Amino acid sequence: MNQVTKGSDLHLPLPSEAEHQCSVLTTHSLATPSSVVRPAILVVALLTGGGDKPYALGMAAALTSVGIRVDLIGSDDLNVPEVVSNPRVNFLNLRGDQRSEASPIAKMRRVLRYYLRLISYAATAKPKLFHILWNNKFQLFDRTLLILYYKLLGKKIVLTAHNVNAGKRDSNDSWLNRLSLKIQYNLSNHVFVHTNGMKQELISDFRIPAGKISVIPFGINNTVPNTSLSTAEAKRQLGIRKDNKTLLFFGNIAAYKGLEYLVVAFAELLKKERSYNLLITGNPKGSKDYWNRIRQAIARSGIGDRVIEKIEYVHDEATELYFKAADVLVMPYSRVFQSGVLFLGYSFGLPAIAADVGNLKEEIVDGETGFVFTPRDSCDLARKIDKYFDSELFYDLEARRAQIKKYANERYSWDKVATIITAVYLDLLRSTEDRGQTDDTGGADNR
């Protein structure tokens, strides 16, 4: 965990630009800038899967800011002014409507229609490089036949693996899942991950060469509206007393999120003091059995009057209400490498209390951006929550929010993401050109 000296200013460690550039050159053995002939126009297809709007928009903006032209393959959700008004973005709404209230038959029709459009696009697409941000609906097909189709068309494939093996994380792994992942990782020319732990998992579990993997920061979420809404007003809108200590659990509700440990810890806190509120905001992922068990635990503990449940998908426009009403974000996860929720919280200047799993410990500066607790230990979680509300971080929260936002915008800058990714793009395209020249020369020499 990063540690710094406490004080009125937030002295947070940031990687130097020189170190950042050096690591990129070492990883990919790139030539010096003067020896690299950069294409007049670099064009890349970004395949978003139609979702994860904040990440897709952040990536598109980062790439176009350094002169790259982007074919953005998306859905209605990405049909927004910052995309359609960007002269370097060619927005292709192949996915269309993704509303969940459609009938099963309508959903099947629109997914099949999307795949036909995607296959047709790939056959005539000008970009030589396809960057897959997320797979589509049929994971097995995407990881095997679809990526093989792209390869047969002569495309270079770059993949961002936000989860190396989500099946392993969610306790529903299988040999077929692992096989399909192995095929996708091996067929990809390069893979981006967000932590060193994820890189090591790719190497150990899937035998992917280290030189084929790059670690990139998880770009800060700068697309969610952040208005002048105050903490006091946000609490008022949610029916929370302005002086109540408010904990936020935000995002998908699934077993690996460890919400049961937070419920137990919260019940312990209420035994000492009743001025707490727990705000649970998100949507059950997959089966609702897990969420039903959580609700039963809340009822048995007699804490229902202190829990506010917003069990629904939260649209971007409503997100700030919850992060501004909260005094701290709690991430009681039992299995995870990294989480975009932490960086979303940082974008609002909200401190976090997170389980020591995956890379979360490395992303929290102790006492300055939050605290870390022992995973699956409700007692330790309760102690860290109590410690937080008795710390300078909480007492000076409004000032600290601005410092945390500044820290996050520098550490998780999309500019850094674009620097690493652009170097990989150029390296892959240069290797293609070099092989083409070798083939031409070899043909002449061997006649």
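Just so you know, residue 1 is the first one in the sequence shown, and it goes up from there. Side chains are part of it too, since the values below use all heavy atoms of this structure and drop only hydrogens, waters and symmetry mates. Worth saying up front: this structure is predicted, and the values here are computed from it rather than measured.
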Give a yes-or-no answer on whether the side chains of N163 and R169 include a donor-acceptor pair shorter than 3.5 Å. yes
Can you check side-chain contact (heavy atoms from CB on, under 4.5 Å) on L118 and I73, steps first, answer last? CA-CA 8 Å; L118 183 60; I73 313 303; 4.2 Å; yes
Please report the C-alpha distance between N283 and N252 in whole Å, then the side-chain angles of each, then the deciding distance to 0.1 Å, and finally whether the side-chain hydrogen bond (donor to acceptor under 3.5 Å, both in side chains) criterion is met. CA-CA 5 Å; N283 214 24; N252 288 331; over 6 Å; no
Does the side-chain hydrogen bond (donor to acceptor under 3.5 Å, both in side chains) test come out yes or no for R400 and T369, once each step is laid out? CA-CA 8 Å; R400 295 297 184 94; T369 68; over 6 Å; no
Do we see a donor-acceptor contact under 3.5 Å between the side chains of R95 and T48? no
Judged by atom type as modelled, is there a donor-acceptor pair below 3.5 Å linking the side chain of K387 to the main-chain atoms of A382? no
Specify whether Y333 and F249 have parallel, tilted or perpendicular ring planes, treating 30° as the upper limit for parallel and 60° as the lower limit for perpendicular. perpendicular
Would you say the side-chain atoms of N189 and K151 include a donor-acceptor pair closer than 3.5 Å? yes
Measure from the side-chain N and O atoms of T319 to the backbone N and O of H315, and report whether any donor-acceptor pair falls under 3.5 Å. yes
Strictly below 4.0 Å, N to O, side chains only: are D97 and K107 in salt-bridge contact? no
Rounded distance (nearest 0.5 Å) linking atom CG of D356 with atom CD of E362: 8.5 Å
Would you compute the distance between atom CD1 of I208 and atom CG of L202 and round it to the nearest 0.5 angstrom? 6.0 Å
Nearest atoms (heavy-atom pairs only) where T144 meets L187: O-CD1, 4.3 Å
Report yes if some heavy atom in the side chain of L63 is under 4.5 Å from a heavy atom in the side chain of Y425; otherwise report no. yes
Take N244 and S275 through the test side-chain hydrogen bond (donor to acceptor under 3.5 Å, both in side chains) and record every step on the way to the result. CA-CA 5 Å; N244 274 14; S275 62; 5.3 Å; no
Nearest-0.5 Å distance, CD1 of residue I303 to CG of residue L269: 10.0 Å
Can a salt bridge be assigned to the pair R383 and D386 using a cut-off of 4.0 Å between side-chain N and carboxylate O? no
Single hit among F323, Y313, F348 for ring pair (Phe, Tyr, Trp, His ring centres under 6.0 Å) with F250: F323
Hey, is the main chain of A255 close enough, under 3.5 Å, to the side chain of K285 for a donor-acceptor pair? no
Does a side chain donor of either R143 or N177 reach within less than 3.5 Å of an acceptor in the other side chain? yes
For the residue pair Y395 and D390, confirm or rule out a side-chain donor-acceptor distance under 3.5 Å. yes
Can you list the steps and then say if V424 with S214 is a side-chain contact (heavy atoms from CB on, under 4.5 Å)? CA-CA 9 Å; V424 171; S214 293; 3.9 Å; yes
Any side-chain heavy-atom pair from Y407 and Y412 closer than 4.5 angstrom? yes
Can you tell if the side chain of F206 reaches within under 4.5 Å of the side chain of V164, non-hydrogen atoms only? yes
Tell me whether D427 contacts the main-chain N or O of A423 through its side chain, where contact means a donor paired with an acceptor under 3.5 Å. no
Less than 4.5 Å apart, side chain to side chain, heavy atoms only: is that true for L247 and D327? no
With distance as the sole test, does K212 use its side chain to make a donor-acceptor pair with the main-chain N or O of N186 at under 3.5 Å? yes
Find out whether E273 and K245 are in side-chain contact, i.e. whether some heavy atom of one side chain is under 4.5 Å from a heavy atom of the other. yes
R207 vs I203, side-chain contact (heavy atoms from CB on, under 4.5 Å): CA-CA, chis, key distance, verdict: CA-CA 5 Å; R207 301 290 186 264; I203 295 170; over 6 Å; no
Answer with yes or no whether the side chains of Q139 and S180 bring together a donor and an acceptor at under 3.5 Å. no
Could you please spell out the steps behind the salt bridge (charged side-chain N to carboxylate O under 4.0 Å, His left out) verdict for R274 and D305? CA-CA 10 Å; R274 297 293 293 180; D305 63 317; 3.2 Å; yes
Given E233 and R236, is the side-chain contact (heavy atoms from CB on, under 4.5 Å) satisfied, shown in steps? CA-CA 5 Å; E233 176 59 20; R236 186 195 67 79; 2.7 Å; yes
Minimal heavy-atom distance between A326 and L248, with the atoms involved, is CB-CB, 3.5 Å
Please check this pair: side chain of D377 against backbone of C379, looking for a donor-acceptor N/O pair closer than 3.5 Å. yes
Would you check if there is a donor-acceptor pair between the side chains of E363 and N359 at a distance under 3.5 Å? yes
Does the ring center of Y115 lie less than 6.0 Å from the ring center of F141? yes
Mind checking whether V158 and L428 have side chains closer than 4.5 Å, heavy atoms only? yes
Determine, step by step, whether N221 and T223 satisfy the side-chain hydrogen bond (donor to acceptor under 3.5 Å, both in side chains) criterion, reporting the C-alpha distance in whole Å, the side-chain angles of both residues, the deciding distance to 0.1 Å, and the verdict. CA-CA 6 Å; N221 187 329; T223 64; 3.3 Å; yes
Say whether, by atom type as modelled, one donor and one acceptor occur between the side chain of E320 and the main chain of T227 under 3.5 angstrom. yes
To the nearest 0.5 Å, what is the distance between CD1 on I353 and CZ on F371? 7.5 Å
What about F218 and W414, are their ring centers closer than 6.0 Å? no
Might you point out which heavy atoms bring A355 and F373 nearest each other, and give the distance in Å? N-CE2, 3.2 Å
Can you name the nearest heavy-atom pair linking Q98 to S75, along with the distance? OE1-OG, 2.9 Å
Compare every heavy atom of V328 with every heavy atom of F389, then report the nearest pair and how far apart it is. CZ-CG1, 4.1 Å
Check: S65 main-chain N/O paired with R88 side-chain donor or acceptor under 3.5 Å: no
Between G49 and N136, which heavy-atom pair has the shortest distance, and what is it? CA-OD1, 3.4 Å
Answer yes or no: is there an ion pair linking E309 with R295, defined by an N-O contact shorter than 4.0 Å? yes
State whether the side chain of S339 and the backbone N or O of V341 hold a donor-acceptor pair below 3.5 Å, judged by distance alone. yes
Salt bridge flag under 4.0 Å for residues D205 and K168: yes
With the side chain counted from C-beta on, respond yes when V70 and M59 share a heavy-atom pair under 4.5 Å apart, and no when they do not. no
Side chains of N277 and T246, donor plus acceptor under 3.5 Å: no
Flag the pair K384 and D366 as a salt bridge only when some basic side-chain nitrogen lies within less than 4.0 angstrom of an acidic carboxylate oxygen. no
Please report the interatomic distance CG(L321) to CD(Q237), rounded to the nearest 0.5 Å. 5.5 Å
State whether the side chain of T231 and the backbone N or O of K324 hold a donor-acceptor pair below 3.5 Å, judged by distance alone. yes
Student check: side-chain heavy atoms of V191 and S188 closer than 4.5 Å: yes
What's the spacing between I157 CD1 and I147 CD1 if we round to 0.5 Å? 5.5 Å
